[in-house]
Amino acid sequence: MSAVSLCTLYTPTLLPFSKPHKTSPPIFHQSPKRRRVITSVAEDREAIPVGSNDRKVLQPSPPSNDNNTEVVNDTDIITGRAINASIVLGFGAFAVTKLLTIDHDYWHGWTLYEILRYVPEHNWIAYEQSLKANPVLAKMAISGVVYSIGDWIAQCYEGKPIFEFDRTRLFRSGLVGFTLHGSLSHYYYQLCETLFPFQEWWVVPAKVAFDQTVWSAIWNSIYFVVLGLLRFDSLTNIYGELKSTFVPLLTAGWKLWPFAHLITYGVIPVEQRLLWVDCIELIWVTILSTYSNENSESRKSEEVSAISSSTSSQNSKELNE
C-alpha cells in the first residue's frame with residue numbers, strides 16, 4: 001500500500017457543512033514571563049488608588065474615638081466622686097458640728113473636758129425635747145437618715161467604692177424612710193400597746209410574734225412597692241418582684257429581729273423604741289436595699305437580653321427571606 005493511500009485511510013472524514021474545531025490554548029498554562037507580568041500588574045493595581053465618584057468608599061475611615069470616650073468616662077467618674085464626697089462630708093460635718101456645739105450658748109469658761117463630758121447628756125435631753133414637741137417629725141428625720149446610710153452601706157457591700165454610690169438610689173431609700181417608716185412606726189408602736197395592754201410574761205413574746213408576721217409583711221410590701229413606683233417600674237414588675245422576695249425576706253428577718261425585739265418590747269419605753277429599732281435598721285435596710293436592687297437589675301438585664309435575642313432572630317429571619 002502506498003503512502004498516499006495510507007494518509008487517505010487515516011485522514012478523518014469531514015461531515016458536510018462541518019468546520020474543523022480549533023484547539024484553544026490551555027487556560028491555566030502560562031509562561032514564566034507572562035506570569036511575572038500579570039503579578040506585577042496586580043501589585044500595581046493594589047498600590048495605585050483608583051478614582052471613583054463614590055468618595056465615601058474611598059475616603060479613609062475616621063480615627064477611632066475610644067480615647068475620647070475613655071476621657072469622658074473618667075471625667076464623669078471623677079465628677080461623680082467629687083459630688084458624692086461633697087454630700088457625705090458636708091452632711092457629716094454639719095451633723096458633727098451640731099452635736100459638738102449643743103452647749104455653745106453657755107460653755108464660756110468651760111474646759112475641753114467639760115464640753116465633751118456634757119455633750120452626750122445634753123444631746124439626749126435635746127432629743128427628748130424634740131420628741132415631746134413634734135414626735136412624728138423627729139422620728140421621720142431619724143428614719144430618713146438611717147435609711148439613707150443603710151442604702152449607702154448596701155452599695156458599698158455590693159462592691160461600689162465608697163464615693164461612687166448611686167445618688168438617686170440613696171435618695172429613694174432615704175425618702176421612703178423619711179415619709180413612711182418614721183411616721184408609720186410611730187403609730188404602729190402605739191397600736192401595739194393598745195392591742196396588748198397587759199403586763200404578763202407572755203406579752204413580750206406575743207408582741208414579737210405579731211411584729212414579725214403582720215407588721216413585717218406589711219412594711220416589707222410597702223417598701224418594695226414604693227421603691228418600685230419611684231423607679232417608675234410597671235405594676236406587673238413590682239408584683240413579680242414582691243412575690244419573689246416576700247417569703248425570703250420574711251424568713252430572713254426572723255434571724256435578726258426576734259432577738260432585737262426582746263429588748264424593744266421588754267426594756268425600751270414606747271417613745272424611744274423607734275430610735276433603738278433604727279439602730280438595728282442599719283443592718284436590715286442593707287438587706288432590704290440589696291434584695292430590691294439586685295432583683296431590679298437582674299430583671300432589667302433579662303429584658304435587655306430578651307430584646308437583643310428577639311432583634312437578632314428578626315434580623316436572621318429577614319436575611320433568610
Side-chain angles (χ1 to χ4, degrees), residues 127-128 130-132 134-151 153-154 172-230 238-292 295:
Y127 168 69
E128 288 185 331
S130 62
L131 279 181
K132 293 178 181 179
N134 198 336
V136 178
L137 183 60
K139 294 174 183 179
M140 288 170 64
I142 293 172
S143 292
V145 172
V146 166
Y147 269 67
S148 299
I149 297 175
D151 186 80
I153 295 173
R172 284 196 300 259
S173 183
L175 184 63
V176 173
F178 177 77
T179 57
L180 295 174
H181 184 261
S183 56
L184 293 179
S185 296
H186 170 76
Y187 295 111
Y188 161 71
Y189 289 123
Q190 291 184 348
L191 175 64
C192 195
E193 291 301 311
T194 304
L195 294 176
F196 302 96
F198 310 104
Q199 300 297 327
E200 285 77 6
W201 65 269
W202 55 267
V203 173
V204 172
K207 290 179 180 179
V208 173
F210 181 79
D211 187 289
Q212 287 304 292
T213 52
V214 178
W215 173 242
S216 290
I218 292 174
W219 173 245
N220 291 345
S221 302
I222 290 173
Y223 181 84
F224 273 87
V225 170
V226 174
L227 273 188
L229 293 175
L230 291 176
I238 294 173
Y239 175 75
E241 182 180 346
L242 181 62
K243 184 178 179 181
S244 63
T245 56
F246 183 81
V247 175
L249 270 181
L250 195 64
T251 54
W254 295 345
K255 301 174 184 178
L256 171 67
W257 285 112
F259 305 101
H261 283 324
L262 290 175
I263 300 175
T264 303
Y265 297 106
V267 179
I268 308 297
V270 178
E271 289 301 321
Q272 310 295 342
R273 282 177 185 171
L274 186 60
L275 181 63
W276 160 253
V277 168
D278 277 339
C279 293
I280 311 300
E281 284 278 355
L282 283 175
I283 304 172
W284 183 240
V285 174
T286 303
I287 300 172
L288 279 178
S289 182
T290 303
Y291 262 93
S292 176
N295 289 332

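The structure presented is a predicted model; accordingly, all values stated were derived computationally and were not measured.
- The line from OG of S216 to CG of L250 is 6.0 Å long, rounded to the nearest 0.5 Å.
- Considering all non-hydrogen atoms of both residues, S143 and G177 come closest at CB-O, 3.2 Å.
- Residues passing the side chain to side chain donor-acceptor pair (under 3.5 Å) test with S148: none are found, sequence neighbours excluded.
- Between the OG1 atom of T264 and the CZ atom of R273 there is a distance of 7.5 Å, given to the nearest 0.5 Å.
- Interatomic distance, CH2 of W215 versus CG of N220, reported as 10.0 Å (0.5 Å rounding).
- Contact between S185 and L274 at its shortest, heavy atoms only, is CB-CD1, 3.5 Å.
- Summarising the geometry, atom OG1 belonging to T179 is positioned 10.5 Å from atom OH belonging to Y147; distances are rounded to the nearest 0.5 Å.
- The minimum heavy-atom distance linking L249 with W284 is given by the pair O-CH2, 3.4 Å.
- Atom CD1 of I142 is separated from atom CG of L137 by 10.0 Å, given to the nearest 0.5 angstrom.
- S183 contributes a side-chain N or O that, together with a main-chain N or O of L180, makes up a donor-acceptor pair within less than 3.5 Å.
- To the nearest 0.5 Å, atom CD of residue Q190 and atom CD of residue E271 are 6.5 Å apart.
- Inter-residue side-chain proximity for L275 and L131 is flagged as unmet; no heavy-atom pair is nearer than 4.5 Å.
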Take Y188 and L184, measure what side chain to side chain contact (heavy atoms under 4.5 Å, CB included) needs, and give me the verdict at the end.
CA-CA 6 Å; Y188 161 71; L184 293 179; 5.9 Å; no
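- The minimum heavy-atom distance between F246 and S221, with the atom names listed, is CE1-OG, 3.7 Å.
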Name each donor-acceptor pair under 3.5 Å that joins a side chain in residues 195-208 to protein atoms two or more places apart or in another chain, with its distance.
| from | atom 1 | to | atom 2 | distance (Å) |
| --- | --- | --- | --- | --- |
| K207 | NZ | E193 | OE1 | 3.3 |
| K207 | NZ | E193 | OE2 | 2.7 |

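- Counted within 6.0 Å of OH on Y239, heavy atoms from surrounding residues, nucleotides or ligands total 12 or fewer; the atom is thus considered open.
- Residues V285 and S173 have side chains in contact (heavy-atom distance under 4.5 Å, counting atoms from C-beta outward).
- By the 30° and 60° cut-offs, the orientation of the rings of H261 relative to W257 is parallel.
- Judged by distance alone, the side chain of S130 and the main-chain N or O of Y127 form a donor-acceptor pair under 3.5 Å.
- Within the 3.5 Å criterion, the main-chain N or O of L227 finds no donor-acceptor partner in the side chain of R172.
- W254 contributes a side-chain N or O that, together with a main-chain N or O of Q212, makes up a donor-acceptor pair within less than 3.5 Å.
- Heavy atoms only, all atoms of each residue included: W219 and V176 are closest at CH2-CG1, 4.0 Å.
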Show your working on side chain to side chain contact (heavy atoms under 4.5 Å, CB included) between D278 and H181 and close with a plain yes or no.
CA-CA 10 Å; D278 277 339; H181 184 261; 3.4 Å; yes
